[in-house]
Amino acid sequence: MSHLLDQLNTQQRTAVEHSEGPALILAGAGSGKTRVITYRIAHLIGAKGIPPESILAVTFTNKAADQMKERVAHLLSDSLESWPHISTFHSFCVRVLRRNIEGALPGYTRDFSIYDEDDQARLVKTIVNELGLGEQAASPRSLLARISYAKNRGLAPQDLYRQAADAATEKLATVFERYERKLRQANALDFDDLLLKTVELLYAAKDVCERYNQRFRYVLVDEYQDTSRIQYQLIRQLTLIHQNLCVVGDEDQSIYRWRGAEIENILNFERDYPGARLIRLEQNYRSTQVILDAATAVVSRNRARKGKVLWTDRAGGARVGLYEAQSADEEAFFIAAEIQRTLAADGDATIAVLYRTNSQSRLFEEALRRLTIGYRVVGGFSFYERAEVKDLLSYARLATNLRDSAALLRVINTPARGIGDTTVQSLQASARRANLSLWEALEQDLAAKLLPARSLRVLENFYNLVSELAAARGQMTMSGFFREVLERTNYLETLRAEGTPEAESRIENLQELVNAAAEAEDRGETLAEFLDHAALVSAADDFEERARVTLMSLHSAKGLEFSVVFLAGLVEGLFPHKLSMDDDAALEEERRLCYVGMTRARDRLILTRGASRRSFAREDYETSPPSRFLREVPSELIETLNLAMTGVKPRTTWENAVSSRADIERFLRERRSNAWNPGSASAGAGETTRSTSRWKLGSPVRHPKFGLGTILGCEGEGEDSKLTVSFPGYGKKKFVEKFAALEKI
DNA sequence: CAATCCCATTTTTTT
DNA sequence: AATGGGATTG
């Protein structure tokens with residue numbers, strides 16, 4: 001085991017060898033933080049003989065947890081009898097709650113559901129409607145954000161009432177209170193509750209708290225700068241007895257203030273845990289000096305920081321590239337072309353394109369596809385967020401926890417079975433009157449028979465269906481159960497009947513879900529565990545084989561590194577985001593985010609911006625000035641890449657890589673033409689749209705999927721025009737001419 | 001009373 | 001582009 005220590009510098013070794021008592025490790029970007037944590041775990045087990053199961057390591061993301069598990073397993077090559085518990089805050093809490101919630105929290109059973117963001121939003125919306133707050137209240141979205149923020153700080157509705165200074169806060173408190181009540185009725189917890197209720201439970205049930213204290217004698221927390229008050233309290237309760245708490249963090253990388261993270265947690269650590277050992281990791285092993293200097297220059301504009309000196313022995317390095325494009329399209333093409341050259345020149349390069357908002361990925365995807373460069377996108381829409389997947393999961397949730405009203409609402413008329421809005425409304429009304437979950441209200445209404453006969457009939461069918469599914473749940477395998485649901489609900493059949501390509505892909509997704517369930521089963525997971533996993537796995541966690549090119553948001557990039565990083569969209573309003581520009585603290589967080597992005601790069605960092613971009617999918621472009629962060633990078637560290645524009649001849653290979661203006665113009669031209677048409681490759685030249693043709697209203701056309709149709713309308717000119725075509729059996733469809741393989745007859 | 005059609009709105013970051 | 005709400009139709 002001692003050979004492990006040889007691979008570490010002095011500070012790292014101190015951190016790894018520290019075992020008893022509290023420790024705070026201030027780890028700058030790229031200072032080998034993950035290495036220290038994993039080596040420390042390995043060291044505790046291998047050298048100190050600590051039983052693995054008495055170690056708890058907590059992270060924020062599943063990605064980080066998986067990575068940590070993998071690396072610990074790698075270090076401890078001999079198979080262990082037990083394993084350290086490495087998980088996210090949320091999954092850890094789910095485990096604790098499933099085991100201890102009954103009796104400890106009135107009204108809850110171990111089968112509680114986890115409400116996702118969608119469920120939460122709907123819930124808030126119905127509450128706003130119930131209270132008749134329509135126009136006068138803030139949007140459900142922002143109400144939910146404020147509720148979540150309050151929960152993350154451990155505030156209850158009563159606390160809000162008490163400090164309510166204005167009518168708006170009072171309304172918020174009212175909504176909040178009702179929101180909580182509905183969650184209880186539904187035997188459901190939202191994401192914040194998972195933490196909150198666990199903390200409540202640990203405070204209330206001393207014996208449970210002590211048990212976990214004894215079980216986990218060593219606790220590690222990653223990304224401590226991003227912990228909220230509740231997470232702080234959780235950790236505090238878990239370490240009351242032994243105080244063997246080791247936290248790792250970097251205040252310059254705190255980027256979750258908006259979600260309730262309190263930077264004070266890291267700043268006050270030494271006060272909260274007297275005698276804490278403080279260890280600073282200041283040697284950066286990742287980036288070149290140039291990149292480090294550039295990033296440091298930006299973040300040092302912040303007032304709220306302790307300040308630290310990061311150094312590297314990778315002196316010099318390529319200057320930070322800067323490409324300033326006219327438009328976001330051009331920016332995307334530049335990046336794609338640059339990536340192509342980088343990949344050709346260096347077979348080992350790993351490349352990331354980082355951006356502020358997920359919606360920005362689209363342009364980059366398009367540009368990369370055109371150059372047939374493989375990539376993967378982290379974040380955005382994930383598998384588990386697809387409607388059909390959620391539908392099927394909702395059936396499973398409902399069958400597991402009949403009180404789960406969010407799941408019930410989702411599936412009560414999916415697929416359509418004649419239970420419409422009015423019927424659902426009346427059900428909701430009676431649930432509200434009797435203070436019941438929707439399922440209980442349904443039972444009650446069916447017994448009372450006060451509804452129109454037709455409603456009673458369809459509701460009874462639904463009731464029987466779900467009851468049978470609930471009974472079947474325990475009788476069969478997980479995948480078998482999912483298949484049963486698809487069968488009994490006619491879900492697949494309904495999709496098949498649609499016959500559209502969209503329906504086909506939905507069917508495939510459902511198939512994939514059934515397969516995932518079967519795999520989980522092989523691993524010994526129960527349906528409940530599978531549902532937990534689906535609820536807690538985020539889009540950013542699908543960490544597949546490392547692709548050469550990765551697109552992701554700056555937030556998801558935290559903790560990762562790449563040899564080449566493109567930091568895109570550096571324009572005011574986007575980055576810093578316009579919603580953060582009025583508030584100093586928020587602006588400083590944007591700056592830290594910029595720092596996080598820049599320090600992901602090992603060898604080469606390229607900053608880009610496109611002056612104009614289309615907002616939403618509308619026609620008009622909006623123009624934004626360069627991001628202030630660009631000005632904050634010292635100009636001597638920057639190399640401008642817009643050479644073609646200025647007419648200067650390229651000199652180095654990197655400069656050579658710059659696309660010529662002609663390239664870019666050709667790209668933009670082609671983009672507007674139908675050169676990129678997913679269907680055209682197989683369709684053959686003769687069938688594709690002739691862009692010169694004029695479409696006459698009423699004339700017949702043929703579509704490869706929908707068959708014969710009639711043109712009903714045509715907006716705009718040339719290949720960009722939108723056509724409305726009616727197809728017998730399919731209804732009216734709208735096409736953009738250049739993308740639709742419409743054939744004139 | 002439910003299904004369908006049309007229009008307005010949407011996008012900050014995540015467990 | 002996609003979703004949800006509101007109006008219209010069947």
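Since we're looking at a predicted model, the values are computed, not measured.
Note: CD (A:Gln225) to P (B:dT13) measures 20 Å, nearest angstrom. The CZ atom of A:Arg592 sits 16 Å away from the C1' atom of B:dT12 (whole-angstrom rounding). Atoms CG (A:Leu579) and P (B:dT13) sit 10 Å apart, rounded to a whole Å. For A:Tyr256 and B:dT12, the OH to P distance is 16 Å, given to the nearest whole Å. Distance A:Arg386 CZ to C:dA2 C1': 14 Å, rounded to the nearest Å. Between the CG atom of A:Leu587 and the C1' atom of B:dT12 there is a distance of 14 Å, given to the nearest Å. When the C1' atom of C:dA1 is taken as reference, atom CG of A:Leu363 falls 13 Å away, rounded to whole Å. Between the NZ atom of A:Lys63 and the P atom of B:dT14 there is a distance of 9 Å, given to the nearest Å.
Here A:Ser553 reaches the OP1 or OP2 of B:dT14: one of its side-chain N or O atoms lies under 4.0 Å away. For B:dT14, neither phosphate oxygen OP1 nor OP2 lies less than 4.0 angstrom from any side-chain nitrogen or oxygen of A:Asn62. A:Asn358 has a side-chain polar atom (N or O) that falls below the 4.0 Å cut-off from OP1 or OP2 of B:dT13. Listed pair A:Thr422 / B:dA2 meets the phosphate criterion, a side-chain N or O lying under 4.0 Å from OP1 or OP2.
Of the listed nucleotides (B:dT12, B:dT15, B:dA3), B:dA3 has the atom at the smallest distance from the side chain of A:Ala416. Checking C:dA1, C:dG5, B:dT15 against the side-chain heavy atoms of A:Glu117 singles out B:dT15 as nearest. Of the candidates B:dT13, B:dT15, B:dT11, the closest approach to any side-chain atom of A:Arg141 belongs to B:dT11. You'll find that the side chain of A:Pro452 is closest to B:dC1, out of B:dT13, B:dC1, B:dA3. Distances from the side chain of A:Phe191 to the nucleotides B:dT15, B:dT13, C:dA1 place B:dT15 closest. Closest to the A:Ser556 side chain, of the nucleotides B:dT12, C:dG4, B:dT14, is B:dT14. Candidate nucleotides C:dG4, B:dT14, B:dC1 were compared by shortest atom distance to the side chain of A:Lys125, and C:dG4 ranks first. Listed nucleotides B:dA2, B:dT13, B:dA3 differ in distance to A:Thr357; the shortest reach to its side chain belongs to B:dT13.
Donor-acceptor pairing under 3.5 Å, judged by distance alone, is present between the side chain of A:Ser359 and the base of B:dT11. Within 3.5 Å, no donor on the side chain of A:His577 pairs with an acceptor on the base of B:dT12, nor the reverse.
Between the side chains of A:Ser624 and A:Glu572, not a single donor N or O lies within less than 3.5 Å of an accepting N or O.
Across all strands, A:Asp192 comes closer than 4.0 Å to no nucleic acid atom at all (heavy-atom distances). Among the heavy atoms of the strands lying under 4.0 Å from A:Arg122 are primed sugar atoms or P, OP1, OP2 only; no base atom is included. In this structure, A:Thr423 reaches the sugar-phosphate backbone alone: every heavy-atom distance under 4.0 Å involves primed, P, OP1 or OP2 atoms, never a base. Using a 4.0 Å heavy-atom cutoff across all strands shown, A:Lys558 reaches no nucleic acid atom at all.
The side-chain hydrogen bond (donor to acceptor under 3.5 Å, both in side chains) search around A:Asn401 returns A:Ser113, A:Asn187, not counting sequence neighbours.
Position along DNA chain B of the nearest nucleotide to A:Val424 versus A:Glu589 favours A:Val424 as the more 5'-ward residue. Positionally, the nearest nucleotide of DNA chain B for A:Glu590 lies more toward the 5' end than for the other of A:Glu590 and A:Phe60.
Separation of atoms CD (A:Gln233) and OG1 (A:Thr227) is listed at 11.0 Å; rounding is to 0.5 Å. Once rounded to the nearest 0.5 Å, the distance linking SG of A:Cys93 with CG of A:Asp193 reads 11.0 Å.
The cationic atom of A:Arg259 (NZ for Lys, CZ for Arg) lies less than 6.0 Å from the six-membered ring centre of A:Tyr256 and within 45° of the ring axis.
Ion pairing between A:Asp391 and A:Arg386 fails under the 4.0 Å rule for side-chain N and carboxylate O.
In this structure, the side chains of A:Leu574 and A:Arg613 come closer than 4.5 Å at one or more pairs of heavy atoms.
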